[in-house]
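All residue numbers refer to positions in the sequence shown, counting from 1. Values reported hereafter were calculated over all heavy atoms of this structure, with side chains retained and with hydrogens, waters and symmetry mates removed. Whatever order the structure lists them in is the order used to number ligands and atoms, beginning at 1.
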Amino acid sequence: MALETDFIVIGSGVAGLRASIELAKSGAKVTVLTKDKASESNTEYAQGGVAVVLSDDDNAELHEEDTLIAGAGLCDVEAVETLVTDGTKYIKQLIEWGIEFDKEGGKLAFTQEAAHSRRRILHAHGDSTGKEIVRALIARARQEKSIVLMPFANTESLIVYDGRCVGVRFLDPILRAPREIFAKAVILCTGGAGQLYRHTTNPPVATGDGMAMAYFAGAEMADMEFIQFHPTALSLENAPRFLLSEAMRGEGGILRNKMGERFMARYDERLELAPRDIVSRSIVAEMRRTGTRNVYLDMTALSEDFLRERFPKIYETCKFYDLNIAEDLLPVSPASHYCMGGVRTDLHGRTTVKGLYAAGEVTCTGVHGANRLASNSLLEGLVFGARGGAAALADNYELRITNFKLENPQSAIRNPQSDGIATAVKKRVKRVMWERVGILRDKDSLKRALREFKQIEQANLSTSSRNFVTLAKLVATAALWREESRGGHFRNDFPERDEKFRVHSIQKKDAEISSDEKINF
Ligand code: FAD
Ligand code: SIN
């Protein structure tokens, strides 16, 4: 039997939780469907912190300027202004709700990250900022009686009727069967797609499902070619690419090659604090030059007491791998980290499909342009989660229950054989994405990737595998279309920025890729 609610929020990271709290203010019933346990998300693993204008030597203009410079000419100025000004308001509110950011001498402590002209990053428990944000938001959401959190409820597709999103199809964790739920509106907060790549800092839930679902529902997707690779993921054989926060370089960490030389001066005068895309490409160049698979992060100039206190999670994790961050050089290499592109929205989280709203990493709001400034995404989730929730309330669509028929009721039911195929498909896509649609791209590599994806698509794929391959195709198609290098997108065959491409790539189901000068519509 189909379910009904007032609003459906998909995802329980910073964006989903903040949107739910906003919606619940009205007393409306909010059902939060989330794929794993409620705390499992990219948000939970965020380390460095959240950028916000709150220190005495900072102001909104400076934060905006840093964001625009990082975005390499593709940010939407209005979106950036909204992020920065609303950001301060919503962080203050989070503090009122009980979040505990780190302090020094009774005052908020701010750290430094690359491409920020001020120390403006708030952090919590040293390097566990995301975990503290999730804790505080879940505690706040639990105070709202009208929010129902449904964990392990994997959503597979959106139900569109008469041009409007009226519900979703998900895998009911108790019935272990696909089911529909209908609502006045759906707010998509499913996060990013770091898992598209073989090496990633993202947890397993970050498979970009929401982007694919929105695309199949007819929503416009923007700037999918822009992927941010984090320069310093711990690089050990057979271990996940655990993130070594940029804040470590902010506190004085140095990058060295296998000969022990500090090499960043060869590539950029801002050294280790150059923008992420530059540091990542410099590391790749240095690894190629020296014939190695990693470089090293050197924290040994800092005391063990300071490091243990400032980066407790990183300290303990490295210790697990028999590395003492105060004494050993830490092997690092770049890994996929963040998607700048996603579902195109206006400044209130409205997508191009009526009744479908989106917030957080799943979106392209125009705040990040071609490259995200470090620690701006937790802020984005908070600000646009709240705005998306408010817009869904204001638009006040009517509940509409349709005779939606499951295309293939079996597709969502898991069995060992389909699980095996899905794993194999995803493994292949991740390899192709890493090798051909990665940090450095060119026409040949992208065309070969697209040919492979086409071949993979010929198989009888489950919905989740189909979503995954579709997303990979969207990234590769946009990367092939953009014949220039800008921000997180680097083409060996077009290494310069080209003003002709100072536009956003737009992709929509059953249409050729096109461009638009603005994200917000
Ligand atoms: P997420 O937090 O990823 O949440 C997505 C939610 O959607 C999850 O609950 C997931 O389970 C759910 N979901 C996904 N698919 C489905 C589905 N099919 N059905 C149902 N539910 C689904 N940013 C910063 O600003 N500062 C930092 O210090 C920072 N550090 C980071 C460190 C790491 C290791 C990583 C990976 C990212 C970091 N980021 C940081 C980026 C930031 O964490 C994310 O961009 C941000 O948290 C995204 O929030 P979100 O709410 O959009 O998505
Ligand atoms: C980090 O701590 O390096 C991650 C910060 C971010 O992705 O914004």
Side-chain angles (χ1 to χ4, degrees), residues 8-19 32-52 87 111 113-116 121-124 127-131 133-134 137 149-158 168-171 173 188-195 200-213 228 230-233 240-250 276 279 311 313-314 335-340 342 358-363 368 372-382 384-385 412 463-464 467:
I8 299 166
V9 174
I10 318 177
S12 55
V14 60
L17 290 168
R18 189 59 191 80
V32 185
L33 302 173
T34 193
K35 192 167 166 175
D36 204 288
K37 57 184 184 195
S39 61
E40 190 62 11
S41 59
N42 272 4
T43 304
E44 174 76 4
Y45 297 96
Q47 293 183 354
V50 51
V52 62
T111 193
E113 280 184 333
H116 284 274
I121 321 294
L122 288 179
H123 44 91
D127 53 4
S128 295
T129 313
K131 199 178 177 68
I133 290 183
V134 170
L137 286 176
L149 259 166
M150 207 186 278
F152 301 101
N154 187 41
T155 311
E156 285 213 317
S157 47
L158 303 171
V168 312
R169 176 194 190 203
F170 73 105
L171 188 62
L188 198 58
C189 302
T190 42
Q195 285 290 337
T200 180
T201 61
N202 289 196
V205 291
T207 44
D209 308 357
M211 295 181 189
M213 286 190 270
Q228 185 172 80
H230 198 292
T232 54
R241 289 292 194 265
F242 175 72
L243 182 74
L244 298 186
S245 176
E246 190 152 297
M248 294 176 86
R249 280 173 283 131
R276 262 178 210 180
V279 181
F311 302 110
K313 172 92 180 160
I314 294 172
S336 83
H337 183 63
Y338 185 84
C339 304
M340 269 73 75
E361 194 172 338
V362 69
T363 63
H368 305 307
R372 175 179 64 101
L373 184 67
S375 288
N376 261 356
S377 47
L378 291 172
L379 197 68
E380 183 191 29
L382 208 57
F384 289 90
T463 308
S464 83
N467 282 349

Can you find an N/O atom of Pro203 closer than 3.5 Å to an N/O atom of ligand 1?
-> no
Give a yes-or-no answer on whether the side chains of His337 and Thr201 include a donor-acceptor pair shorter than 3.5 Å.
-> yes
Which of the numbered atoms in ligand 1 are below 4.0 angstrom from a heavy atom of Gly49?
-> 24 (C), 25 (O), 26 (N), 27 (C), 28 (O)
Just checking, is any N or O donor in the side chain of His368 or Glu380 under 3.5 Å from an acceptor N or O on the other one?
-> yes
For ligand 1, find out whether one of its N or O atoms is nearer than 3.5 Å to an N or O atom of Thr201.
-> no
Atom-level proximity to ligand 2, residues with heavy atom under 4.0 Å = Gln47, Gly48, Glu113, His230, Leu243, Ser245, Glu246, Arg276, His337, Arg372, Ala374, Ser375
Going by the atom numbers of ligand 1, which of them fall below 4.0 Å from some non-hydrogen atom of Thr34?
-> 9 (O), 11 (O), 12 (C), 20 (C), 21 (N)
Provide the number and element of each atom of ligand 1 under 4.0 Å from a heavy atom of Asn376.
-> 25 (O)
Should Thr207 and Lys35 count as side-chain neighbours, where that means a heavy-atom distance under 4.5 Å?
-> yes
Part of Thr155 with heavy atoms under 4.0 Å of ligand 1, whether side chain, backbone, both or neither = both
Rounded to the nearest 0.5 Å, the CZ atom of Phe152 sits from the CG atom of Asp36 at a distance of 4.5 Å
N/O separation below 3.5 Å, Lys35 to ligand 1 | yes
Is Leu379 close to ligand 1, meaning an N/O of one under 3.5 Å from an N/O of the other?
-> no
Mind checking what makes side chain to side chain donor-acceptor pair (under 3.5 Å) contact with Thr363, not counting sequence neighbours?
-> none
dist Asn42:CG -> Glu44:CD (nearest 0.5 Å) comes out at 10.5 Å
Less than 3.5 Å between some nitrogen or oxygen of Tyr338 and one of ligand 1, yes or no?
-> no
Separation of Thr43 OG1 from Leu137 CG (nearest 0.5 Å) = 8.5 Å
Heavy atom of the protein closest to atom 29 (C) of ligand 1 (residue, atom name, distance) = Ala46 CB, 3.4 Å
A student comparing Ser375, Gly11, Ala193, Cys189 should find that the heavy atom closest to atom 5 (C) of ligand 1 comes from Cys189
Without swapping roles, check the side chain of Asp127 against the backbone of Lys313 for a donor-acceptor pair under 3.5 Å.
-> yes
For Gly360, the atoms of ligand 1 under 4.0 Å from one of its heavy atoms are 52 (O)
4.5 Å side-chain heavy-atom contact, Tyr45 and Asn202 | no
In terms of atom number and element, which parts of ligand 1 are under 4.0 angstrom from non-hydrogen atoms of Ser12?
-> 6 (C), 8 (C), 9 (O)
Rounded distance (nearest 0.5 Å) linking atom CE of Met211 with atom CG of Leu188 | 9.0 Å
Output yes when a side-chain donor or acceptor of Ser375 lies under 3.5 Å from a complementary backbone atom of Gly49, and no otherwise.
-> yes
Among Ala374, Ala212, Gly191, the residue with a heavy atom nearest to atom 53 (O) of ligand 1 is Gly191
Heavy atoms only: which of Leu244, Thr43, Asp209 is nearest to atom 46 (C) of ligand 1?
-> Thr43
May I ask you to test the Ser245-Glu113 pair for a side-chain heavy-atom distance under 4.5 Å?
-> yes
What atoms of ligand 1 come within less than 4.0 Å of a heavy atom belonging to Asn154?
-> 17 (C), 18 (N), 19 (N)
Looking only at N/O atoms, are Gly48 and ligand 1 under 3.5 Å apart anywhere?
-> yes
Check each heavy atom of His337 against ligand 1 and say whether those closer than 4.0 Å belong to the side chain, the backbone, both or neither.
-> side chain
Report yes if the side chains of Ile10 and Leu158 come closer than 4.5 Å at any heavy-atom pair, otherwise no.
-> yes
Within the 4.0 Å heavy-atom cut-off, what Leu378 brings close to ligand 1 is both
Would you say Glu361 and ligand 1 have an N/O pair spaced under 3.5 Å apart?
-> yes
Nearest heavy atom to atom 51 (O) of ligand 1: which of Ala15, Ser128, Ala335 does it belong to?
-> Ala15
Could an N or O of ligand 1 be found under 3.5 Å from any N or O of Glu40, whether backbone or side chain?
-> yes
Mode of Ile10 contact toward ligand 1 - side chain, backbone, both, neither (heavy atoms, under 4.0 Å) | side chain
Does ligand 1 have any atom sitting under 4.0 Å from a heavy atom of Ala153?
-> yes
Measure Arg372 to ligand 1 on non-hydrogen atoms and call it side chain, backbone, both or neither using the 4.0 Å cut-off.
-> side chain
Quick look: Thr207 vs ligand 1, heavy-atom contacts under 4.0 Å, and the answer is neither
Would you call Val50 a ligand 1 contact, heavy-atom distance under 4.0 Å?
-> no
Can you check whether Arg276 reaches His230 side chain to side chain, under 4.5 Å on heavy atoms?
-> yes
About how many Å separate CD of Glu156 and CZ of Arg169, when rounded to the nearest 0.5 Å?
-> 5.5 Å
Proximity flag Thr129 to ligand 1, non-hydrogen atoms under 4.0 Å = no
Determine yes or no for a side-chain-to-main-chain donor-acceptor pair under 3.5 angstrom, with Glu246 supplying the side chain and Ala114 the backbone.
-> yes
Could you tell me whether the side chain of Thr155 reaches within less than 4.5 Å of the side chain of Ile8, counting heavy atoms only?
-> no
If we number the atoms of ligand 1 from 1 as shown, the ones under 4.0 Å from a heavy atom of Leu33 are 20 (C), 21 (N)
Answer whether the closest heavy-atom distance between the side chains of Met248 and Thr232 falls below 4.5 Å.
-> no
With a 4.0 Å cut-off on heavy atoms, is Gly130 touching ligand 1?
-> no
Decide yes or no for Glu361 and Ser377: does some side-chain heavy atom of the first lie under 4.5 Å from some side-chain heavy atom of the second?
-> no
State the NE2-OG distance between His123 and Ser128, to the nearest 0.5 angstrom.
-> 11.5 Å
